[in-house]
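Have a look at the structure below, then the notes.
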Amino acid sequence: MTAPRGADDFEGFRADIEAAEKRVAGEIDPGARALVVAVLVFVLLVSFILPHTGAARGVDVLLGNDAAMEVGVAMPHRLFCWLALIFGVGFSMLGLLTRRWVLAWVALAGSWLAAAIGMLAVWTRQTAAPGEPGPGIGLFLAWVAVILLAFHWARVVWTRTAVQLAAEDARRQEAAKRQSRSLLDDLPPAADPPDEPPREP
């Protein structure tokens, strides 16, 4: 009677191990990149207090106040600033603090989108109407910071994805082995061949 209880204990122990593996698979370990991402987030925050175009700072572009309206800030520029703030700062900090793989994915996707819109924002400032200022140091700094954030998040997410795929493959192979062993255990034992009658001379 002790064997089934021991088997149940082992099954419960194995279930705990598998649950721990799944929990770890949902986490990231950025390693030294965590410091790089934190520095880039700080640079991105600093870019919002620097001039983005003319006298309009990044904060003015975010708020769309009179300083931004006077220099003719276009929608791509405002959209870039909001995407950089939400994904480059917000989700990057959440990803670093919680180490959740899903948040790292969101930070990656949002940073790449912000980088694309940032290129459009720089282009709209470079082709602004005569008399309007071009792109400022803050806009260039924010754009470069977002591009670098997207690159580093891509490396973190790709590393985590490779580890997850390897862990899932190992889990599938182990499950297949257990299933084949259980099928073999369920087979009835082979019957002994019937005794042959003695041959007549």
Side-chain angles (χ1 to χ4, degrees), residues 25-164:
E27 297 178 352
I28 60 170
D29 183 17
R33 291 185 189 280
L35 179 60
V36 178
V37 170
V39 170
L40 290 172
V41 169
F42 177 74
V43 170
L44 192 54
L45 284 172
V46 170
S47 73
F48 285 114
I49 62 175
L50 294 175
H52 270 223
T53 177
R57 298 171 301 159
V59 177
D60 299 323
V61 177
L62 278 172
L63 300 176
N65 56 21
D66 294 338
M69 294 298 103
E70 287 175 2
V71 293
V73 170
M75 181 55 68
H77 193 167
R78 287 197 66 192
L79 183 59
F80 164 69
C81 286
W82 278 107
L83 290 174
L85 181 65
I86 293 170
F87 295 103
V89 175
F91 278 97
S92 290
M93 290 307 298
L94 284 175
L96 285 181
L97 292 174
T98 62
R99 303 290 177 108
R100 300 307 300 169
W101 187 68
V102 174
L103 293 176
W105 256 112
V106 174
L108 167 63
S111 296
W112 277 117
L113 179 61
I117 300 297
M119 180 176 63
L120 185 60
V122 171
W123 178 76
T124 56
R125 293 316 308 172
Q126 288 176 335
T127 58
E132 292 183 351
I137 183 65
L139 179 56
F140 279 117
L141 190 62
W143 186 37
V144 171
V146 166
I147 292 173
L148 292 176
L149 276 172
F151 169 75
H152 285 287
W153 277 125
R155 296 295 299 269
V156 171
V157 167
W158 176 253
T159 302
R160 184 72 262 172
T161 303
V163 172
Q164 282 179 327

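- Residues passing the side chain to side chain donor-acceptor pair (under 3.5 Å) test with Arg57, sequence neighbours excluded: none.
- Atom CE of Met93 is separated from atom OG1 of Thr98 by 10.5 Å, given to the nearest 0.5 angstrom.
- Atom CE of Met75 and atom CG of Leu120 lie 12.0 Å apart (nearest 0.5 Å).
- Between the side chain of Arg125 and the main chain of Pro133, a donor-acceptor pair closer than 3.5 Å is present.
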Show me the donor-acceptor pairs within less than 3.5 Å that the side chains of residues 79-91 make with the rest of the protein, sequence neighbours left out.
from  : atom 1 : to    : atom 2 : distance (Å)
Trp82 : NE1    : Leu62 : O      : 3.1

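- Considering all non-hydrogen atoms of both residues, Ala150 and Leu108 come closest at O-CD1, 3.3 Å.
- By the neighbour-count criterion of 12 heavy atoms within 6.0 Å, atom CE of Met69 is densely surrounded, having more than that number from other residues, nucleotides or ligands.
- No side-chain heavy atom of Leu139 sits less than 4.5 Å from a side-chain heavy atom of Thr53.
- Thr124 and Pro76 make their closest contact through CG2-CG, 4.1 Å (heavy atoms, listed as atom of the first residue, atom of the second, distance).
- For residues 31-78, the pairs satisfying ring pair (Phe, Tyr, Trp, His ring centres under 6.0 Å) are His52-His77, with sequence neighbours left out.
- Residues satisfying the side-chain contact (heavy atoms from CB on, under 4.5 Å) criterion with Ala34, sequence neighbours excluded, are Pro30, Leu96.
- Across every non-hydrogen atom of Ala56 and Ala68, the tightest pair is CB-CA, 4.1 Å.
- Between Val61 and Arg78, the closest side-chain pair of non-hydrogen atoms falls below 4.5 Å.
- Taking Glu70 as the reference, nothing meets the side-chain contact (heavy atoms from CB on, under 4.5 Å) condition, with sequence neighbours excluded.
- For Ser47, there are no side chain to side chain donor-acceptor pair (under 3.5 Å) partners two or more places apart in sequence or in a different chain.
- Rounding to the nearest 0.5 Å places CH2 of Trp153 at 10.5 Å from CG of Leu40.
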